[in-house]
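What follows is a set of notes on a single structure, which appears directly below.
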Amino acid sequence: MLRSFIAGKSILRSSGRVFIGQTTKITVKPTTWIQLSPRVVSTKPYLCCCQSSNAPETKVKLPDTFWSQVKAKISPYGQLMRIDRPIGSWLLFWPCAWGIGLATAPGCWVDPHMLAVFGTGAFIMRGAGCTINDMWDRDIDAKVERTKDRPLVSGKITQSDALAFLAMQLGVGCVILQNLNWYSVVLGASSLSLVVIYPLMKRITHWPQFVLGMAFNAGTLLGWSAIQGSVNFSACLPLYAAGICWTIIYDTIYAHQDKVDDALSGIKSTAIRFGDKTKVWLVGFTAAMTSGLTTSGIVCNQSWPYYVSVALVTAHVAHQISTLDINNPQDCANKFLSNHQVGLLLFIGIVLGTLLQNPEAEKKQMPKPQIIHEKQLAIQ
């Protein structure tokens with residue numbers, strides 16, 4: 001029996017009947033509601049007279065202005081990192097993946113954990129590189145049509161804000177680097193100097209793309225050392241050189257978008273250096289890239305899928321060059337973006353080529369200390 005109180009009167013409910021005081025009796029079905037004065041009395045079991053079983057839950061909703069303010073504060077930093085343009089992160093990641101793949105033991109899959117570490121690192125460090133570049137080029141970006149709306153130029157972020165944000169990015173990058181062996185930590189930290197000086201190179205030489213290539217493809221060495229413990233230069237240097245040639249190709253195409261503004265601002269690039277002979281130069285770098293990739297494959301005893309991917313990569317780059325219109329900024333941008341496919345094609349070839357390698361044949365080519373090291377790892 002449930003006892004409730006409405007307006008000072010006692011209500012007793014039992015077996016679907018409601019009693020008010022001693023004289024009034026109202027009979028209702030157990031699942032109905034009855035109106036008494038201004039209040040509602042429920043005949044459902046265990047339900048107080050002033051409650052409703054289907055009362056909506058109260059939800060606290062933040063005002064739209066709050067989210068608008070948060071977005072307004074965060075979005076300039078996203079623009080500074082170029083989050084809306086992930087192509088740069090991919091172009092930094094693929095050489096790392098190549099190095100990891102070529103260093104993987106024959107017949108084995110590439111380590112997914114290591115790929116994740118390098119993928120995260122590529123995202124963070126590419127953002128840090130963009131921050132450094134924009135801090136260097138703030139005055140120049142204001143004179144270039146494509147870059148005049150960047151956060152530092154428009155005033156959405158101050159120079160001190162960008163410096164603090166850069167410190168945070170580098171701190172995160174250092175934390176990620178701690179997942180690697182000490183040889184790789186030192187190698188990765190030393191390559192940061194190339195990222196810092198790249199914007200300066202645009203002011204003093206027509207070959208800043210070469211320095212960018214050295215910075216962006218250091219991952220070939222770092223990826224290898226992360227797996228093997230040190231760099232095998234006979235295998236990695238040809239791959240590193242091939243990556244530098246690849247960077248010169250795609251970044252020269254990219255630089256043709258801004259060549260008029262760059263020339264007026266005193267900025268130098270291979271696009272300005274090569275001029276109307278750009279395609280001739282790029283064909284030469286494509287040949288050098290193919291040669292480096294082939295040499296690295298031979299040193300690593302790669303199998304046929306690797307060489308098929310090298311052929312496909314060469315064909316892809318050759319098609320870019322043959323159809324390139326250096327005076328059409330949109331075409332240059334499209335060609336530049338397509339280089340994500342180049343990195344992916346080569347990585348797939350490395351993975352499949354490594355899986356089809358003969359482990360015994362590979363061991364015959366290894367130095368004795370490396371064979372002992374692999375046996376120790378297998379025992380562990």
Pairs satisfying ring pair (Phe, Tyr, Trp, His ring centres under 6.0 Å), at least one member in residues 143-169, at least two apart = Tyr77-Phe165
inquiry  = I'd like to know whether CG of Asp276 has more than 12 heavy-atom contacts from other residues, nucleotides or ligands below 6.0 angstrom.
reply    = no
ask   = Any side-chain donor-acceptor pair under 3.5 Å between Ser225 and Ser230?
value = no
task = Indicate yes or no: does Arg82 engage Asp134 in a salt bridge with an N to O separation below 4.0 Å.
result = yes
remark   = Given the options Phe347, Trp246, Tyr306, Trp98 meets ring-ring contact (aromatic ring centres under 6.0 Å, His included) only with Trp246
ask   = Can Thr252 and Gln209 be counted as having a side-chain donor-acceptor contact under 3.5 angstrom?
value = no
Non-neighbouring partners of Asp331 that pass salt bridge (charged side-chain N to carboxylate O under 4.0 Å, His left out), sequence neighbours left out = Lys335
query = Have Thr314 and Thr290 got a donor and an acceptor in their side chains that come within less than 3.5 Å?
reply = yes
task = Could you verify whether a donor N or O on one side chain and an acceptor N or O on the other, from Asn217 and Thr220, lie under 3.5 Å apart?
result = no
Over 12 foreign heavy atoms within 6.0 Å of CH2, Trp136 = no
key: Those residues that, when tested against Asp149, pass side-chain hydrogen bond (donor to acceptor under 3.5 Å, both in side chains) (two or more places apart)   = none
key: Flag for Gln228-Asn232: side-chain donor and acceptor within less than 3.5 Å   = no
task = Could I get the full list of side-chain hydrogen bond (donor to acceptor under 3.5 Å, both in side chains) partners for Ser89, not counting sequence neighbours?
result = none
task = Answer yes when Lys156 and Asp161 have at least one side-chain N-carboxylate O distance shorter than 4.0 Å, and no when they do not.
result = no
ask   = In terms of ring plane angle, is the pair Trp90 and Trp94 parallel, tilted or perpendicular, where the classes change at 30° and 60°?
value = parallel
ask   = Can you list the residues that meet the salt bridge (charged side-chain N to carboxylate O under 4.0 Å, His left out) rule with Arg146, with sequence neighbours excluded?
value = Asp258
Non-neighbouring partners of Thr131 that pass side-chain hydrogen bond (donor to acceptor under 3.5 Å, both in side chains), sequence neighbours left out = Gln169
The single option from Ile326, Ile321, Asn328 passing side chain to side chain contact (heavy atoms under 4.5 Å, CB included) against Leu324 = Ile326
query = Can you tell me how far CE of Met168 sits from CG of Leu166, rounded to the nearest 0.5 angstrom?
reply = 9.5 Å
inquiry  = Quick check: do Tyr250 and Thr247 have side-chain heavy atoms less than 4.5 Å from each other?
reply    = yes
query = Going by distance alone, is a donor N or O of one side chain under 3.5 Å from an acceptor N or O of the other, for Thr278 and His256?
reply = yes
